[in-house]
Amino acid sequence: MNKYPNSKSLAEKFEISTRQAHRDIEYMTSSMRAPLRYVAKHRGYEYTDDTYILPNIYLTEEEREVLQFLSYRYEQVNISNTGKNVSRLSHLFRQLSGIQSEPEQSIERLPMFEYNSVLLQMLSILTTAIKEKKMVELILQDGNRIETVVGYPTRLMYRYGEDYLFMNVSVEKEKQFPLKNISKVHVRQENEQDIPGLTGEIQNRVIGNNHSIQRKPFLARIKLKEQLKEESWYGFHAKKVDENHVYEIQFFDHDAFLSLLFEKEWKSIESPRWLKEQLQQRCSNILKKL
Amino acid sequence: MKKAVSNIKLIRESKSFIDCLHAVLLAANLYKEPKYMLSGKSGMAFKFCVHRELLPLSVTSYGQWEAEHHEGMENVGILSNSFAGYTRHPTFPLYQEAAIFKIKQSIDKGIAVIFWEPEFCVIHGYDDEEQIFFYTNGLDEEEKVVLYDNFGLNITPFWYVHIVTGKADVSDREAIQMSLQTAIMEWETSHKTPPDTSIASGRLGIQYWINALECGKFDQRGAAYILSAAIQSKCEITSYMNEVQGMIPQVSSACKIYLKLSSLYEEFRRLKHDDTFELIRGLKEAMNMEEKAIKELKKVTSTFPNSYPWVPRWGTGPTR
């Protein structure tokens, strides 16, 4: 191949038609932005920028537009602890899309889908746990059924329009969980990993299917601000006790439930006493630090 | 109404059973010595097991718990009862009920109770109105709770409760003699959980550790846990031996070796994450050193009146 290839020499070299070779050269200049120039003297093309190399990721125009959209969306996100990374992602997406123009210009033509900050946060936690091989505890909710599953997450996968987490819940037993069913992720601390139950008996406290004797949930009587539309309070089964919006709420993981009490609104805790004391203790610990 | 034993200070540093036992005994005023003395005298510091694939279970798989713990506690004169079994057994609810009753009784007497969560944790209180036990795992300061109904159910298929009931006077010399014999037995016994040979004890345990590192097929988390537990144990043994040589001067040569061994294990802490070659080299050296230390201990124990460590004081059969 000479230093100034043209459609004829490319066609001969790659055993394609001259027309196809010509289309490929066009694709390189228009879609891949290759700095090609036709040199009449040599009857062939040359790079005007010697540093140019063909990219190893090939994107369709549609994919390019989606990346541009993601760049735009991520640019607008402002989450306190992930803001820096999100902005970096925005920059990366824009670079990948190869479009330098202001992203707003083509926004209206792009497909719209919801940006989910909770999901992003969860993905971030899970990715770290996978990388650092940490044990996590998932609170799963599927309709009225709540499960607590513990294991070592191995990978995340997107398929059939759904995100899934793959997790080792016991030796050589990998289970998959749709991310939409995960209502809470708790990463076990370093020292909590020293669970001798060992890789062979990873925690799987799915309600009612692991032991011949079912684990019973803790019950909390909580007065809420308003009536619930269904028998669930943020994923925890809730049964109405009286007309004053007092509900009996079931929970298995008191850590997850305490975290929820910090996040969501409620009026008062009627029982149990220990839950009130623990909440009080956590609040006072935080206050001491402030 | 909550009833609780005060002054429970559980700190996770040694084997979790010893951490718990020490916390329970101190709070009940049944023991005064530092943790390394309890770990040494009970022989628990010398228990060392390794799974073929360095699974984290290695650290607590030092034998049949009831036998191992009772023997260790006997060495320091601690009277105790234990309840254990599999949660799948049909009798579990009955045992659970009995255990709950005994635990409450013990707390009423001012003695907290050790149970398997896992790891081993300490139940220090209960509340009959709310049907819960309060316990601490030593990992964080927050008090944990477990429903009476869920007591014993955990991520492993077995449950375990150990209740301290009293203390008898045992002479220091007798306790130390037994502990040194335990050290030899632990080193020389290949498997503490027969017929399972995937877990090895003592000398063979270190060989399993080396083999796993050499072939590269091992659980990284478990490997880190085994290493940190081994470092802590060697540190405890060194402190213990140091005290012992004041009473039995013949152990001074073994004590010197253990001191070097402990420093060697401490050096492992500084190894980089992927420096397995160096760790293997160090473990081989450690195995030779410990072999020498045990030889020295054998010389010392051969002078003891009861030089058959594998025969418990009450003989091999049940008491009559």
Side-chain angles (χ1 to χ4, degrees), chain A residues 132-135 137 148-152 168-172 188-208 210-221 250-255 257-258 271-282 284-285, chain B residues 1-2 12-13 15-16 51 53-61 86-90 92-93 96 116-120 125 127 129-134 137-158 198-199 219-222 224-226 228-229:
Chain A
E132 295 176 1
K133 296 186 174 153
K134 286 197 167 173
M135 183 185 263
E137 187 169 284
T148 307
V149 184
V150 177
Y152 292 98
N168 281 334
V169 292
S170 63
V171 159
E172 290 171 11
R188 293 287 184 97
Q189 294 307 303
E190 200 64 47
N191 38 17
E192 285 179 273
Q193 286 178 6
D194 298 345
I195 291 177
L198 332 93
T199 320
E201 288 136 4
I202 300 296
Q203 196 163 3
N204 179 11
R205 295 181 299 174
V206 177
I207 300 165
N210 203 31
H211 293 288
S212 51
I213 294 179
Q214 288 191 359
R215 285 176 73 91
K216 292 193 179 160
F218 290 113
L219 294 176
R221 278 194 178 210
Q250 295 183 1
F251 59 99
F252 287 85
D253 182 327
H254 75 281
D255 247 350
F257 194 69
L258 278 167
S271 70
R273 197 170 42 232
W274 64 265
L275 186 71
K276 280 195 269 189
E277 284 168 3
Q278 284 206 344
L279 194 63
Q280 216 162 18
Q281 186 64 47
R282 285 196 183 190
S284 94
N285 287 346
Chain B
M1 179 79 176
K2 180 178 175 179
R12 279 295 309 278
E13 47 194 7
K15 286 190 178 67
S16 61
H51 185 273
E53 289 171 10
L54 310 187
L55 297 182
L57 62 84
S58 309
V59 179
T60 42
S61 300
Y86 286 88
T87 50
R88 66 168 187 274
H89 287 173
F92 169 67
Q96 186 193 43
W116 175 248
E117 197 217 12
E119 294 252 340
F120 290 104
D127 188 331
E129 278 169 42
E130 298 191 338
Q131 297 276 295
I132 51 167
F133 283 123
F134 297 95
N137 60 13
L139 298 173
D140 54 59
E141 286 178 6
E142 194 170 76
E143 193 174 51
K144 312 280 175 204
V145 284
V146 60
L147 288 172
Y148 288 170
D149 286 333
N150 292 342
F151 181 74
L153 298 175
N154 61 68
I155 62 170
T156 65
F158 39 85
S198 63
I199 301 165
D219 183 293
Q220 287 198 355
R221 229 176 0 265
Y225 186 28
I226 292 168
S228 64

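Within every chain, numbering begins at 1; the chains are lettered A, B, ... in the order of the sequence lines, protein sequences first and strands thereafter.
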Exercise for the section: Kindly write out the residues that satisfy ring-ring contact (aromatic ring centres under 6.0 Å, His included) with F134(B), not counting sequence neighbours, or none if the list is empty. Expected result: none
Practice task
Just do the side chain to side chain contact (heavy atoms under 4.5 Å, CB included) check on M135(A) and R221(B) with the steps written out, would you?
Solution key: CA-CA 10 Å; M135(A) 183 185 263; R221(B) 229 176 0 265; over 6 Å; no
Problem - Under 4.5 Å from a heavy atom of chain A, the part of V59(B) involved - result: neither
Problem - Shortest non-hydrogen contact between R273(A) and D127(B), atoms and distance - result: NH2-OD2, 2.7 Å
Practice task
Can you sort out the partners of Q281(A) under side-chain hydrogen bond (donor to acceptor under 3.5 Å, both in side chains), two or more places apart, ordered by chain and number?
Solution key: N285(A)
Exercise for the section: Can you tell which part of R282(A) gets under 4.5 Å to a heavy atom of chain B, answering side chain, backbone, both or neither? Expected result: side chain
Handout entry: K276(A), NZ: over 12 other non-hydrogen atoms inside 6.0 angstrom
Key = yes
Handout entry: Atom pair CD (E130(B)) and CG (L275(A)), whose distance is rounded to the nearest 0.5 Å
Key = 9.0 Å
Practice task
Can you tell which part of E129(B) gets under 4.5 Å to a heavy atom of chain A, answering side chain, backbone, both or neither?
Solution key: side chain
Practice task
Using non-hydrogen atoms and a 4.5 Å limit, figure out which bit of Q131(B) sits close to chain A: side chain, backbone, both or neither.
Solution key: neither
Problem - Point-to-point distance, once rounded to the nearest 0.5 Å, from CD of E142(B) to NE2 of H254(A) - result: 5.0 Å
Problem - Sub-4.5 Å side-chain heavy-atom contact between I132(B) and W274(A) - result: yes
Practice task
Looking only at non-hydrogen atoms, find the nearest pair between D149(B) and K216(A) and report the distance.
Solution key: OD2-CD, 3.3 Å
